[in-house]
Amino acid sequence: MLDIKLIRDEPDIVKQAILDRGKDADVTDVDGILELDSRRRAILVEVEELKRQRNVAGEEIAALKKKGEDAGQIVERMREISERIKEMDAEVREVEARRTELMMDIPNIPQESVPVGPDESANEEVRTWGKPPRFTFEPRPHWEIGEALDILDFKRGAKIASARFTLLKGAAALMERALINFMLDIHTKEHGYTEVFPPILANQESFEGVGQLPKFGDDMYWCRDDNLILITTAEVPVTNIHRGEVLAEEELPRKYVAYTPCFRREAGTYGKDVRGIIRQHQFNKVEMVKFVHPDVSLDELESLTANAEEVLKRLGIHYRVVCLSTGDLGFASSKCYDLEVWMAGAGEFKEISSCSCFTDFQARRANIRFKPASGGKPRFVHTLNGSGLAIGRTVAAILESNQLDDGRVVVPTALQPYMGGMTLIE
RNA sequence: GGAGAGAUGGCCGAGUGGACGAAGGCGCACGCCUGGAGAGCGUGUGGGCGGCUUAGCUCCGUCCCGUGGGUUCGAAUCCCACUCUCUCCGCCA
């Protein structure tokens with residue numbers, strides 16, 4: 001959520017941001033908010049004056065009664081005022097609710113350094129690492145490799161659950177587990193993150209706190225009987241660790257890393273990535289989340305991205321870093337780098353991590369603040385998060401990058417200790 | 001799932017329908033005291049919204065005692081619903 005003061009003072013900046021983002025655009029909402037906001041304040045001034053009168057009268061009544069005198073007249077007068085207050089309070093509540101509703105749908109303001117453009121075609125490649133592997137044969141996509149090795153079983157995954165669920169067997173299951181440990185170890189032991197294992201179901205407030213509700217409920221699995229939702233990413237529970245809290249400035253930055261399964265209905269992606277394990281309803285992910293001081297959030301985005309990149313470097317997988325354009329930027333994000341890994345079999349780059357700075361957008365929704373060390377009022381922290389990395393896609397990338405002409409797959413050296421010394425999948 | 005208890009300021013803890021947001025204590029901050037520290041003494045110690053002024057960090061108002069409603073001229077205090085925590089029983093990885 002944006003600061004109402006920003007919308008008041010700089011409505012044109014907000015409108016421009018909405019236009020730059022393209023698709024969610026409805027600039028008239030800003031005017032609607034401004035109107036409701038001034039209505040709200042006008043009523044507030046009036047009703048607070050009435051409340052003041054009520055408080056004064058209350059003291060008078062108490063004093064009169066103490067003296068044993070009759071306060072009937074004042075009471076009678078106050079009865080009317082109270083009635084009026086009740087009406088106006090309800091009005092304020094209603095106006096406020098409508099204002100908040102509109103505000104919840106306004107996306108974050110992109111950073112100035114974010115390229116302006118309508119969609120992913122305007123994204124900017126920031127850097128690349130490594131080179132695409134060369135083959136003396138036609139490299140195959142991971143689903144062919146996986147089925148041939150009998151480690152990816154799509155048919156049975158579908159039988160057990162539905163399409164876009166995959167049964168991992170043998171070396172694939174082992175690699176999945178190994179990658180989780182491998183990544184967690186890097187981030188906890190070398191990058192200074194604290195490991196957490198959060199609830200995999202979260203309530204509605206938690207989803208609202210990170211900006212996934214009310215807008216994107218269609219993509220979630222709801223347990224309606226219990227009013228809980230399967231998390232779409234660890235960002236949801238981990239960011240909400242500090243919902244409603246005031247941290248000490250000295251506690252910043254707070255850095256967490258979590259492995260969790262993630263669940264997405266992938267509504268509206270029919271026909272996209274239908275083969276393989278790129279787009280699944282259930283997938284594993286290691287996620288980094290940071291709570292930082294507002295002054296350093298963009299630096300923290302760079303280091304967060306570097307932390308994610310480190311995993312790919314250790315695994316020796318070719319990738320590039322892309323700065324998303326305004327049109328491709330997530331709703332809550334002010335700046336975002338995607339790490340795209342080279343899928344040797346498919347011959348294209350695929351997103352494997354998304355590292356975002358949300359400035360105070362999530363913190364305002366989730367009410368996460370810090371107390372400045374120099375004193376003064378609490379301020380909103382800035383939040384960031386990034387995958388480090390999506391596990392399934394990493395498996396796919398390894399299978400495709402490290403395949404041999406006979407169908408076997410070389411286990412990356414760095415991962416071998418995590419797979420019981422296995423060097424080759426055959 | 002059944003039965004019961006409870007939710008007050010950073011923490012502990014009192015609280016009557018009407019007294020700067022609330023006794024007391026702890027903690028914390030500043031000051032005094034001290035050669036220094038401690039003790040002691042003194043002062044202070046939350047947040048949201050809004051107004052004025054256009055920035056007072058020591059202005060004014062309003063709201064906040066789990067959350068949301070209700071009763072009342074007035075509610076932390078009475079009523080209702082919900083949420084959470086704790087104890088016991090049952091079931092269970």
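This structure is a prediction, so every number in the text was calculated from the model and none was measured. Naming convention: chains lettered A, B, ... in sequence-line order (proteins, then strands); numbering from 1 in each chain.
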Asks: Need the pair for B/rA55. Rule: Watson-Crick or G-U wobble, both distances under 3.5 Å, any strand; none if unpaired.
Replies: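 Across all strands, not a single nucleotide pairs with B/rA55.
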Asks: Paired with B/rG90 by Watson-Crick or G-U wobble geometry, both distances under 3.5 Å: which nucleotide is it?
Replies: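 When the pairing criteria are applied, nothing turns out to pair with B/rG90, so the answer is none.
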Asks: Would A/Arg54 and A/Ser82 satisfy side-chain contact (heavy atoms from CB on, under 4.5 Å), going step by step from the backbone distance to the final call?
Replies: CA-CA 7 Å; A/Arg54 182 178 68 184; A/Ser82 278; 3.8 Å; yes
Asks: Nearest whole Å is fine: how far is B/rG70 C1' from A/Glu83 CD?
Replies: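 Nearest whole value for this atom pair: 13 Å.
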Asks: Should B/rG50 form a Watson-Crick or G-U wobble pair with both distances under 3.5 Å, which nucleotide is its partner?
Replies: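 With both distances under 3.5 Å, B/rG50 matches B/rC60.
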Asks: Name the nucleic acid region contacted by A/Arg8, choosing base, sugar-phosphate or nothing; use a 4.0 angstrom heavy-atom cut-off, strictly under.
Replies: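 The answer is sugar-phosphate, as A/Arg8 gets under 4.0 Å only of primed atoms, P, OP1 or OP2.
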Asks: Using Watson-Crick or G-U wobble geometry with both distances under 3.5 Å, which nucleotide pairs with B/rC78?
Replies: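 Per the H-bond distance test, B/rG70.
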Asks: Counting only Watson-Crick or G-U wobble pairs whose two distances fall under 3.5 Å, which nucleotide matches B/rU45?
Replies: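 For B/rU45, the partner nucleotide comes out as B/rG27, under the 3.5 Å rule.
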Asks: Please work out which of the three classes, parallel, tilted or perpendicular, describes the rings of A/Tyr221 and A/Phe263, given edges at 30° and 60°.
Replies: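 Plane angle over 60°, so perpendicular.
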Asks: Can you tell me how the ring of A/His191 sits relative to the ring of A/Tyr193, calling it parallel under 30°, perpendicular over 60° and tilted otherwise?
Replies: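 Judged by the thresholds at 30° and 60°, the geometry between A/His191 and A/Tyr193 is perpendicular.
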Asks: From C-beta outward on A/Val45, which listed nucleotide comes closest to its side chain: B/rC49, B/rG51, B/rC73?
Replies: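 Selected nucleotide (nearest to the side chain): B/rG51.
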Asks: Counting any heavy atom closer than 4.0 Å, what does A/Lys5 reach on the DNA or RNA strands: base, sugar-phosphate only, or nothing?
Replies: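 No contact.
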Asks: Specify the separation, in whole Å, of atom CD1 of A/Ile85 and atom C1' of B/rC73.
Replies: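 Computing the A/Ile85:CD1 to B/rC73:C1' distance gives 10 Å.
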Asks: Can you tell me how far C1' of B/rU83 sits from CG of A/Leu228, to the nearest Å?
Replies: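 Whole-Å distance recorded here is 13 Å.
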Asks: Using atom CD1 of A/Ile43 as one end and atom C1' of B/rG51 as the other, report the distance to the nearest whole Å.
Replies: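 Distance check: A/Ile43 CD1 to B/rG51 C1' gives 16 Å.
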Asks: Which base sits across from B/rA22 as a Watson-Crick or G-U pair, both distances under 3.5 Å?
Replies: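 Looking at the geometry, B/rA22 pairs with no nucleotide.
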Asks: Think A/Arg77 has a side-chain N or O under 4.0 angstrom from the OP1 or OP2 of B/rC73?
Replies: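 Checking A/Arg77 against B/rC73: no side-chain N or O falls below 4.0 Å of OP1 or OP2.
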Asks: Whether A/Arg79 contacts B/rG74 is assessed here as follows: a side-chain N or O lying under 4.0 Å from the phosphate OP1 or OP2. Is that the case?
Replies: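 Checking A/Arg79 against B/rG74: no side-chain N or O falls below 4.0 Å of OP1 or OP2.
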Asks: Could you measure between the two P atoms, the one in B/rA75 and the one in B/rC65, and give it in whole Å?
Replies: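 That atom pair is separated by 11 Å.
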Asks: Rounding to an integer number of Å, can you tell me how far A/Glu60 CD sits from B/rG74 P?
Replies: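 It works out to 15 Å between those atoms.
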Asks: Closest nucleotide of RNA chain B for A/Arg99 versus for A/Pro378: which of these residues is on the 5' side?
Replies: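 Looking at the nearest nucleotide for each, A/Pro378 comes out on the 5' side.
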Asks: Taking all atoms of both residues into account, what is the closest heavy-atom pair of A/His293 and A/Leu252, and its distance?
Replies: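 Heavy-atom minimum between the residues: N-CD1, 3.9 Å.
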Asks: Determine, stepwise, if the pair A/Glu287 / A/Thr260 fulfils side-chain hydrogen bond (donor to acceptor under 3.5 Å, both in side chains).
Replies: CA-CA 8 Å; A/Glu287 182 80 8; A/Thr260 68; over 6 Å; no
Asks: Measuring only the C1' atom in each nucleotide, how far is B/rA29 from B/rG15? A whole number of Å is fine.
Replies: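 Roughly 28 Å separates the two C1' atoms.
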Asks: Quick one: is A/Lys51 getting a side-chain N or O under 4.0 Å of the B/rG50 phosphate, OP1 or OP2?
Replies: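 Checking B/rG50 against A/Lys51, no side-chain N or O comes under 4.0 Å of OP1 or OP2.
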Asks: Quick one: is A/Ser82 getting a side-chain N or O under 4.0 Å of the B/rG74 phosphate, OP1 or OP2?
Replies: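 So the side-chain polar atoms of A/Ser82 do come within 4.0 Å of the phosphate oxygens OP1 or OP2 of B/rG74, strictly under.
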Asks: For atom P, what is the distance between B/rA7 and B/rC78, given to the nearest Å?
Replies: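 Rounded to whole Å, the distance is 11 Å.
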Asks: Show the numbers, then the answer: is there a salt bridge (charged side-chain N to carboxylate O under 4.0 Å, His left out) between A/Arg264 and A/Asp219?
Replies: CA-CA 6 Å; A/Arg264 299 183 185 176; A/Asp219 202 36; 5.1 Å; no
Asks: Take atom NZ of A/Lys86 and atom P of B/rU62, then tell me their distance rounded to the nearest Å.
Replies: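 So the two atoms are 20 Å apart, to the nearest Å.
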Asks: B/rG6 pairs with which nucleotide, Watson-Crick or G-U wobble, both distances below 3.5 Å?
Replies: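 Partner of B/rG6: B/rC84.
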Asks: Is the phosphate of B/rU62 approached by A/Asn55 (side-chain N or O, under 4.0 Å from OP1 or OP2)?
Replies: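 Answer is yes, contact under 4.0 Å.
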Asks: Between A/Lys371 and B/rG47, is there a contact of a side-chain N or O with OP1 or OP2 at under 4.0 Å?
Replies: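 Yes, A/Lys371 has a side-chain N/O under 4.0 Å of OP1/OP2 on B/rG47.
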Asks: What distance, rounded to whole Å, do you find between the two P atoms, one in B/rA22 and one in B/rC64?
Replies: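 Per the computed distance, 13 Å lies between those P atoms.
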Asks: Compare every heavy atom of A/Gly388 with every heavy atom of A/Met183, then report the nearest pair and how far apart it is.
Replies: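 Looks like SD-O, 3.2 Å.
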Asks: Once you apply the 3.5 Å cut-off to both distances, tell me the Watson-Crick or G-U wobble partner of B/rG38, or none.
Replies: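 Partner of B/rG38: none found under 3.5 Å.
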Asks: Is the phosphate of B/rG69 approached by A/Arg93 (side-chain N or O, under 4.0 Å from OP1 or OP2)?
Replies: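 Yes.
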Asks: Relative to each other, are the rings of A/Phe291 and A/His242 parallel, tilted or perpendicular (30° and 60° limits)?
Replies: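 Rings of A/Phe291 and A/His242: perpendicular, over 60°.
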Asks: What distance, rounded to whole Å, do you find between the two P atoms, one in B/rU67 and one in B/rG9?
Replies: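 Looking at atom P only, B/rU67 and B/rG9 are 10 Å apart.
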Asks: If I pick the P atom on B/rC89 and the same atom on B/rC82, what distance separates them, to the nearest angstrom?
Replies: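 26 Å, rounded to whole Å.
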Asks: Here's a test of your reading of the structure: between A/Leu44 and A/Gly58, which maps to the more 5' nucleotide of RNA chain B?
Replies: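 In this pair, the answer is A/Gly58.
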Asks: Taking atom C1' in both B/rG74 and B/rU62, what distance in whole Å separates the two?
Replies: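 My reading of the C1' atoms in B/rG74 and B/rU62 gives 16 Å.
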Asks: In whole angstroms, how far is the C1' atom of B/rG48 from the CE atom of A/Met1?
Replies: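 It is 13 Å, rounded to the nearest whole Å.
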Asks: Atom CD of A/Glu205 to atom C1' of B/rU83: distance rounded to whole Å?
Replies: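 Taking atom C1' of B/rU83 as the reference, CD of A/Glu205 is at 10 Å.
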Asks: Quick check for you: among B/rG61, B/rC49, B/rG18, whose closest atom lies nearest to any side-chain atom of A/Arg52?
Replies: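 So the nucleotide nearest the side chain must be B/rG61.
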Asks: What contact category does A/Arg54 fall into here, base, sugar-phosphate, or nothing, at under 4.0 angstrom with non-hydrogen atoms?
Replies: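 The residue A/Arg54 makes sugar-phosphate contact but no base contact.
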Asks: Could you give the distance separating B/rU83 and B/rC73 at their P atoms, to the nearest angstrom?
Replies: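 Pairwise P distance, B/rC73 against B/rU83, rounds to 32 Å.
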